[in-house]
There are 2 protein chains.
Amino acid sequence: MEFLNKFILGDCEKVLEGLPDESVDLIFTSPPYADQRKSIYGGIKPDKYVEWFLPKAKQFKRVLKPGGSFILNIKERVVNGERHTYVIDLILKMRQQGWLWTEEYVWHKKNSYPGKWPNRFRDNWERLIQFNKQKKFKMFQETVMVPVGDWAKNRLANLSETDKIRDESKVGSGFGKNVSNWKNRKMVYPTNVLHMATECANRKHSAVFPVTLPAWFIKLFTEQGDVVLDPFVGSGTTAVAAIELGRNYIGIDINAEYIEISRKRTSQIQIRLPNVAESQTEFETILN
Amino acid sequence: MEFLNKFILGDCEKVLEGLPDESVDLIFTSPPYADQRKSIYGGIKPDKYVEWFLPKAKQFKRVLKPGGSFILNIKERVVNGERHTYVIDLILKMRQQGWLWTEEYVWHKKNSYPGKWPNRFRDNWERLIQFNKQKKFKMFQETVMVPVGDWAKNRLANLSETDKIRDESKVGSGFGKNVSNWKNRKMVYPTNVLHMATECANRKHSAVFPVTLPAWFIKLFTEQGDVVLDPFVGSGTTAVAAIELGRNYIGIDINAEYIEISRKRTSQIQIRLPNVAESQTEFETILN
DNA sequence: TTCAAGTATGAATCCCTTT
DNA sequence: CAAAGGGATTCATACTTGA
């Protein structure tokens, strides 16, 4: 496939026309929010947002595999003192398009932009809306398990004498190993609330979300060698996550500068990372 | 006003007809979610939810003062593998009714219901949707300021892996019992993400949300002596918060057993609390 | 009295069986 | 064939118990 592991300059609606049906396992994207980033994207008016987005969503649906997922990172702007309705309008319209509104994850941003307003507090969360084409879809819940809650810490902090003895007698090795084994076993499934700090790096290209955010969903909804699409790839964060996890990426953006940044950024990563060699062989196998 | 500081048995839609226009400063409520709590409320079908709720919302709008706020605690159920749209439908319809959709707070529940499903994780958050009648409304931001603790410096500086994923423990709403410990700390404004556990104790009456939740909004949107209405008062949690903060309450519920529980619960509080005396004089002043 | 360990229980959801 | 019902799954919290 000629699109694989490339950044393509252009309007994703047009570009995707060249992509075959059902060729993508996961779409993860953070489109320009209405009227935001005017200088770069031209600024879509909130009232026009849904009609601007819908034809693109139609293409997304076409290129997504039946068991694939679409994760949309979005948040409604405040317009005239009110939250604008373009996000919920979009959900309703996309359902009419045939999408299933499977779930809504919340990204709790721990460090939000500072500021003070008379009628609201700082906005500290964003939506991560999951759409699917069918009720059954690929999901690998074990890949995102998290260590168990506080009681595990307590347990580790005060290991009782009997615990120590038991461990010694059983295995004979240092109890550190046992503890780690036990720790590994004690993983629990996460919830639909994600806790991640925003990345306050690079002022040039506003890093919209941290690499850990697409990485979490890529692990959850794809396997090694799968294809991850970001039709508004911006500075390439989704692609970075995909590469690091041994997935193929397709990055599209209408802005040439962003495409350039993404290319530079990912090339650096491919050099830097130790596991690139093995990842690349995987890529080559798939590409051939 | 004959309704003040009472629990009234009946359908709030009918009961409120007896309340004058613009007589309430804050409406805080958690209505029965669609198809939930069948045994108590009869269970409203998800598809009928909006049409069931709208005439009640109309009464709410009538009795609310121009500068008052309406906080609606709600969450969409999963129906046939999909999030149902009754919540976002309701937002759109209420806007047609003349409400402004000012803001949506997120309540991050620290202890969610356990369970495992092939297509989703545990639901760990609920919506707290703020509606207003006009752009300008009463808001006292200083009353809910949060102390900046060591967590701000240390935790945010070097986030551990678990920290990134798991919830922080102390950020919260700042309404904890040991706030006095933080007196010397610097205070900052909170965000629109609230951190509270559900109340899993108290076997007699299952309080769905903790007292701290209505308390937070009561402090934020009302002053001493103001009137707080909960049209689905359940076990009286909103009223408890109102009493503790020296506000007047109006509690309505269609279920006689709940009304009884609420009456008992609040009478106990009035006896127990040390600051009741002063609160009551205030009430009397207002009542006369 | 304090602290650690044990235990009960929630605004749940899926899936399969029964009516 | 739609609607209703029951079993299995699972974890943070706070109350209870015991040393």
Side-chain angles (χ1 to χ4, degrees), chain A residues 100 102-104 130 132 134-137 139 141-142 145-163 185-193 195, chain B residues 29-49 53 72-84 86-87 107-128 162 165-170 172 176-177 195-214 232-235 237-238 253 255 258:
Chain A
L100 299 176
T102 304
E103 178 59 309
E104 186 171 327
Q130 178 188 350
N132 289 95
Q134 53 186 43
K135 271 182 71 176
K136 300 248 179 189
F137 51 85
M139 192 178 198
Q141 301 192 349
E142 314 72 36
M145 291 182 90
V146 292
V148 80
D150 290 333
W151 65 269
K153 287 178 207 155
N154 297 338
R155 200 59 190 272
L156 286 174
N158 358 312
L159 276 174
S160 68
E161 285 303 315
T162 46
D163 272 345
R185 247 178 261 127
K186 285 295 174 184
M187 302 289 276
V188 297
Y189 294 102
T191 69
N192 59 359
V193 177
H195 268 252
Chain B
T29 199
S30 191
Y33 301 176
D35 229 2
Q36 215 69 31
R37 296 174 140 198
K38 268 185 208 165
S39 54
I40 301 158
Y41 288 104
I44 306 101
K45 289 265 194 306
D47 290 336
K48 303 282 179 188
Y49 197 83
F53 195 89
L72 178 63
N73 172 217
I74 199 163
K75 178 78 194 211
E76 43 271 271
R77 261 177 63 81
V78 173
V79 177
N80 205 17
E82 241 190 317
R83 289 282 168 196
H84 199 278
Y86 60 84
V87 174
W107 172 25
H108 179 184
K109 297 185 287 185
K110 288 194 286 187
N111 53 339
S112 57
Y113 203 92
K116 184 186 183 306
W117 308 276
N119 55 350
R120 64 186 63 250
F121 291 128
R122 286 171 300 144
D123 194 358
N124 223 7
W125 67 281
E126 294 190 14
R127 303 173 194 275
L128 286 155
T162 43
I165 303 159
R166 299 198 64 83
D167 57 359
E168 67 236 74
S169 48
K170 299 189 189 77
K177 290 148 198 163
H195 251 255
M196 290 159 198
T198 54
E199 238 153 54
C200 64
N202 278 333
R203 270 132 211 164
K204 298 246 173 153
H205 45 83
S206 61
V208 178
F209 48 80
V211 184
T212 46
L213 195 62
F232 306 95
V233 77
S235 54
T237 310
T238 305
D253 206 284
N255 181 277
Y258 266 148

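To find a chain, count down the sequence lines: A is the first, B the second, and so on, and within it residues start at 1.
For the OP1/OP2 pair of C:dT13 and a distance below 4.0 Å, the side-chain nitrogens and oxygens of B:Asn119 include no atom meeting the criterion. For C:dC14, one of the phosphate oxygens OP1 or OP2 lies less than 4.0 angstrom from a side-chain nitrogen or oxygen of B:Arg120.
In terms of position on DNA chain C, the residue among B:Pro114 and A:Lys135 whose nearest nucleotide sits closer to the 5' end is B:Pro114. Nearest-nucleotide positions on DNA chain D place B:Lys45 closer to the 5' end than the other of B:Lys45 and A:Tyr189.
Distance from the side chain of B:Asn111 is smallest for D:dA12 among the nucleotides C:dT13, D:dA12, D:dT10. Considering only the side chain of B:Pro32, C:dA11 comes nearest among C:dA11, D:dA12, C:dT13. Listed nucleotides D:dT13, C:dA12, D:dT10 differ in distance to B:Trp117; the shortest reach to its side chain belongs to C:dA12. Between D:dC11, C:dA11, C:dT13, one nucleotide has an atom nearer to the side chain of B:Val208 than all others, and that is C:dA11. Minimum atom distance to the side chain of B:Tyr33 is reached by C:dA11, of the listed C:dA11, D:dT9, D:dC11. Between D:dC11, C:dG10, C:dC14, one nucleotide has an atom nearer to the side chain of B:Arg122 than all others, and that is D:dC11.
Comparing the same atom, C1', in C:dG10 and in D:dT10 gives a spacing of 12 Å after rounding to whole Å.
Side-chain N or O atoms of B:Tyr86 include one that pairs as donor or acceptor with a backbone N or O of B:Arg77 at under 3.5 Å.
With a cut-off of 3.5 Å on both Watson-Crick or G-U wobble distances, the partner of C:dA11 is given as none. Base pairing analysis places C:dT18 opposite D:dA3; the two distances defining the Watson-Crick or G-U wobble pair are each below 3.5 Å. Checking C:dA4 for Watson-Crick or G-U wobble geometry (two distances, each under 3.5 Å) identifies D:dT17 as its partner.
Residues B:Ser112 and B:Arg122 approach most closely at OG-NH1, 3.5 Å, considering heavy atoms. Across all their heavy atoms, B:Ser30 and B:Phe209 have their closest contact at CB-CE2, 3.4 Å.
At whole-Å resolution of the value, CD in A:Glu142 and P in D:dT10 are 11 Å apart. Here the P atom of nucleotide C:dG10 and the CG atom of B:Asn124 are 18 Å apart, to the nearest Å. Between B:Lys109 atom NZ and D:dT13 atom P the separation is 13 Å, expressed in whole Å. Between B:Arg77 atom CZ and C:dT13 atom P the separation is 6 Å, expressed in whole Å. Summarising the geometry, the separation between CH2 on B:Trp125 and P on C:dG10 is reported as 24 Å, rounded to the nearest angstrom. Rounded to a whole Å, the NZ atom of B:Lys110 is 24 Å from the P atom of D:dT10. Distance B:Glu82 CD to C:dT13 P: 14 Å, rounded to the nearest Å. With rounding to whole Å, B:Asp47 atom CG is found 15 Å from D:dA2 atom P.
The side-chain heavy atoms of B:Val79 and B:Lys45, taken from C-beta on, include no pair separated by under 4.5 Å.
Side chains of B:Asn111 and B:Thr198: a donor-acceptor N/O pair is present below 3.5 angstrom, by distance only.
Judged by distance alone, with hydrogens and angles left aside, B:Ser30 brings a side-chain donor or acceptor within reach of the base of C:dA11, the pair sitting under 3.5 Å.
Classification of the B:Phe53-B:Tyr49 ring pair by plane angle, with boundaries at 30° and 60°, yields parallel.
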